[in-house]
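Data block below; observations after.
Just so we're on the same page: letters track the sequence lines, and every chain starts at 1.
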There are 4 protein chains.
Amino acid sequence: MVSDTKSKKSTYKAQKKKKIAENALDLILTKGLSHFTMDDVARETGVSKGTLYLYFDSKDTLIITAFGILVERLKNYISNLLPEETPKEEKAKAIIKLYSKIIKEFPSDDLLRLFEILINSIHDKKRLKELGDLFHDYYSQLFDLWSEFVPNKTTAIILQAMIDGIGIYKSVGVNFKEGELCTSLEYIIGKIIS
Amino acid sequence: MVSDTKSKKSTYKAQKKKKIAENALDLILTKGLSHFTMDDVARETGVSKGTLYLYFDSKDTLIITAFGILVERLKNYISNLLPEETPKEEKAKAIIKLYSKIIKEFPSDDLLRLFEILINSIHDKKRLKELGDLFHDYYSQLFDLWSEFVPNKTTAIILQAMIDGIGIYKSVGVNFKEGELCTSLEYIIGKIIS
Amino acid sequence: MVSDTKSKKSTYKAQKKKKIAENALDLILTKGLSHFTMDDVARETGVSKGTLYLYFDSKDTLIITAFGILVERLKNYISNLLPEETPKEEKAKAIIKLYSKIIKEFPSDDLLRLFEILINSIHDKKRLKELGDLFHDYYSQLFDLWSEFVPNKTTAIILQAMIDGIGIYKSVGVNFKEGELCTSLEYIIGKIIS
Amino acid sequence: MVSDTKSKKSTYKAQKKKKIAENALDLILTKGLSHFTMDDVARETGVSKGTLYLYFDSKDTLIITAFGILVERLKNYISNLLPEETPKEEKAKAIIKLYSKIIKEFPSDDLLRLFEILINSIHDKKRLKELGDLFHDYYSQLFDLWSEFVPNKTTAIILQAMIDGIGIYKSVGVNFKEGELCTSLEYIIGKIIS
DNA sequence: AATGAATGAGCGTTCATTCAT
DNA sequence: GATGAATGAACGCTCATTCAT
């Protein structure tokens with residue numbers, strides 16, 4: 001009984017904590033990492049500012065948790081795009097299609113924020129380490145996608161870096177001829193996984 | 001005489017302006033875009049805060065100028081790496097070597113800052129526009145490198161995005177097996193420009 | 001109970017807000033509208049500068065609230081001078097006496113500040129509008145005083161302008177022969193309301 | 001010869017000084033006493049900021065000189081409105097017309113600035129004294145206008161205070177029914193000087 | 001006489017964090 | 001557990017004044 005109550009309570013606390021972090025994340029995505037305030041988060045969540053500090057030591061910890069949620073979101077996004085079971089020989093084509101789709105449809109602002117948060121943490125080694133670990137979760141999943149078609153993991157990472165690089169380029173205003181982007185991507189990936 | 005005096009004076013002012021912007025850049029590289037202050041810049045340059053505003057309208061203008069210097073630095077860095085005249089057939093190998101070298105030696109923190117500044121300006125459309133124009137200077141030079149070996153400019157951009165993506169990955173803590181990185185890069189580039 | 005607590009709290013906040021505004025007003029009266037600072041107000045009130053912004057959006061809002069208090073003070077001052085019920089035929093004489101008294105005893109520095117605040121807000125149309133509305137509260141009460149004896153409201157306004165003009169003249173150093181001021185005033189008012 | 005040169009020089013200096021003060025005045029009239037800067041004055045006059053301090057000890061001195069010019073302007077304005085020679089019996093009507101005209105056409109913003117400057121100097125007794133003396137020049141001329149029709153100087157001052165009070169009222173947003181203003185003014189003045 | 005670069009104290013405002021209730 | 005009032009250090013920016021040239 002007691003343990004039940006406890007777990008209920010802890011569930012309640014965990015949910016509240018998550019809600020706060022999710023709201024923080026939304027605000028980061030909207031306003032940017034260095035423009036969202038604890039006031040914003042409190043208002044959005046409908047709690048007082050002091051309450052935030054019952055769940056998070058500092059703004060920094062909140063950012064890290066929010067980052068974790070973002071990583072989770074991106075992972076889910078990718079998972080949902082993947083065909084459940086693909087005959088091996090079709091996978092090459094599937095992966096080309098997948099990335100064409102990602103590049104077109106990708107919520108690249110989300111991706112960008114992920115890098116925004118990471119990059120802004122460069123000056124704080126401790127935070128960077130924590131975020132880096134979370135980021136690892138995200139990209140290790142992606143690397144698996146490539147692994148069947150490329151000779152080693154490093155090549156897989158490079159290809160994923162290419163995709164993310166494109167996302168970042170788009171976000172900072174590089175103009176791609178929309179048609180060409182997918183064609184070229186297919187051309188490159190085709191060459192590599194052939 | 002007069003014009004001599006004038007030019008001396010204007011040189012003096014221009015140099016001072018540059019010195020301020022360089023110090024600002026150094027501070028941005030060290031402390032991060034949203035943690036360096038005008039006080040920092042003044043202290044570092046050995047002038048009063050008010051003086052900064054004789055040379056720059058606002059912190060924003062200073063950032064943009066500093067960004068321009070960073071772009072210039074990166075351009076020079078690349079230029080110096082390029083062999084003056086390469087027989088065409090050697091160029092493919094040269095470019096592979098070049099990028100292997102870049103990836104190894106690259107002052108990737110500088111590159112990262114360039115993206116840090118760009119990404120942090122996402123929420124300020126006006127500033128992003130100005131920075132984007134400067135950024136264009138930098139990458140158009142790079143794109144030219146690739147253009148001989150790839151079918152179109154878009155493909156060139158994608159390849160450059162790959163290089164920058166790798167730089168960013170490294171900076172945020174992705175571990176590459178050092179030996180494999182260059183080998184894989186050569187493998188990929190080789191496949192594409194073949 | 002709850003509402004009691006609430007009202008206590010809101011009373012507390014309201015009182016604190018009023019206290020801040022009153023201190024601001026005192027500082028405005030002492031140092032002048034463009035020389036009092038938020039630091040002054042904080043120091044005087046014994047709170048931190050940040051606290052001021054919990055109660056007022058900006059210095060401007062604080063000024064407007066302070067102005068409102070000044071208007072209130074002046075209204076009360078006038079109200080207290082007015083005889084509760086005067087037989088109509090006596091009112092003419094009463095009003096002459098009243099204004100003689102006002103002119104003599106008037107806290108004309110307060111009146112002057114009222115105009116100081118108004119006049120200094122000429123260059124900020126939005127603020128002038130808000131202050132003007134508050135000012136209207138003050139003078140409409142005064143105009144009523146005159147209305148029984150003059151043909152229309154405009155004449156009433158003019159007479160009040162005369163009183164205020166005298167106040168301002170005195171404040172900026174015009175020397176009235178003390179005895180003559182009341183006599184002349186009585187002479188003029190007498191002629192008009194006769 | 002020498003004295004000639006001297007006087008030429010001093011004339012030059014005097015003219016430059018006046019030009020600076022006039023520009024300062026224009027800026028005060030436009031931007032308000034507490035929003036015009038020495039930079040503004042220097043720019044407007046086409047000299048360097050340092051030069052201003054060759055002609056004026058401080059911003060304060062400049063303001064006082066500018067005020068003197070404003071007083072002069074107002075005096076001239078009034079002088080030009082006055083009929084050179086009026087048969088005595090016509091003067092009563094003339095003066096009513098004059099003031100109706102003044103009230104209608106008056107550059108009341110200028111008048112307002114005069115009071116703005118005066119009022120803002122309340123907190124600086126030394127400056128108020130100097131400005132008050134200049135102001136005396138202005139209103140003593142006006143008082144003469146009234147003196148023929150009123151029993152004493154004090155009454156004259158009061159009537160002038162009425163005119164200025166109206167100007168201030170208008171400037172701070174009191175709405176007069178345009179037609180009634182002159183009629184009422186005529187009514188009041190008529191009663192008094194009859 | 002004139003310059004204009006330089007100063008530095010000061011301003012209004014923000015915001016992560018604390019703590020009494 | 002939750003509040004929200006309070007803090008205070010910091011920030012970007014301004015401007016009257018000075019002084020070497």
Verify side-chain hydrogen bond (donor to acceptor under 3.5 Å, both in side chains) between Asp124(B) and Ser121(B), making sure each step is shown before the conclusion. CA-CA 5 Å; Asp124(B) 180 341; Ser121(B) 304; over 6 Å; no

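- Nearer to the 5' terminus of DNA chain E, by closest-nucleotide assignment, is the contact made by Lys16(B) (compared with the other of Lys16(B) and Tyr53(A)).
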Decide side-chain contact (heavy atoms from CB on, under 4.5 Å) for Asn120(D) and Ser34(C); before the verdict, give the C-alpha distance in whole Å, the side-chain angles of both, and the deciding distance to 0.1 Å. CA-CA 8 Å; Asn120(D) 274 298; Ser34(C) 52; 4.3 Å; yes

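- You'll find the side chain of Thr65(B) stays beyond 4.5 Å of the side chain of Ile20(B), heavy atoms only.
- Arg113(A) and Glu116(A) are joined by a salt bridge, as a carboxylate oxygen and a charged side-chain nitrogen come within less than 4.0 angstrom of each other.
- Rounded to an integer number of Å, the gap from CG of Leu52(A) to C1' of dA2(F) is 11 Å.
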May I have the step-by-step check of side-chain contact (heavy atoms from CB on, under 4.5 Å) for Leu54(C) and Lys16(C), ending in yes or no? CA-CA 11 Å; Leu54(C) 298 176; Lys16(C) 189 149 196 175; over 6 Å; no

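- Along DNA chain F, the nucleotide nearest Val47(C) and the nucleotide nearest His35(B) are compared for position; the residue whose nucleotide lies closer to the 5' end is Val47(C).
- For the strand DNA chain F, secondary-structure stems (runs of at least three Watson-Crick or G-U pairs, all distances below 3.5 Å) span E:2-21 with F:2-21.
- Here the P atom of nucleotide dG12(F) and the CG atom of Asp60(B) are 11 Å apart, to the nearest Å.
- A straight line from OH of Tyr55(D) to P of dT17(F) spans 18 Å, rounded to a whole angstrom.
- The side chain of Tyr12(B) contributes an N or O atom lying less than 4.0 Å from OP1 or OP2 of dA6(E).
- Judged by a 6.0 Å distance limit and a 45° cone about the ring axis, Lys59(B) is positioned over the six-membered ring of Phe36(B).
- Here the OG1 atom belonging to Thr61(C) is positioned 9.0 Å from the OH atom belonging to Tyr53(C), to the nearest 0.5 angstrom.
- In this structure, Lys59(C) places its NZ atom 8 Å from P of dC11(E), rounding to the nearest Å.
- The base of dT13(E) sits within donor-acceptor range of the side chain of Lys49(C), with an N or O pair under 3.5 Å.
- Between Ser48(A) and the phosphate of dT3(F), there is a side-chain N or O to OP1/OP2 separation shorter than 4.0 Å.
- One can place CG of Leu62(D) at 10 Å from P of dT17(F), the figure rounded to the nearest angstrom.
- Rounding to whole angstrom units, NZ of residue Lys31(B) and C1' of dA10(F) are separated by 12 Å.
- Distances shorter than 4.0 Å separate some side-chain N or O of Thr51(B) from OP1 or OP2 on dT7(E).
- Comparing Phe36(C) and Ser58(A) along DNA chain E, the residue whose closest nucleotide (by nearest heavy atom) sits nearer the 5' end is Phe36(C).
- One interatomic measurement links the two molecules: CZ of Phe56(D) to P of dT17(F), which rounds to 13 Å at whole-angstrom precision.
- Rounding to whole angstrom units, CG of residue Asp39(B) and P of dA10(F) are separated by 10 Å.
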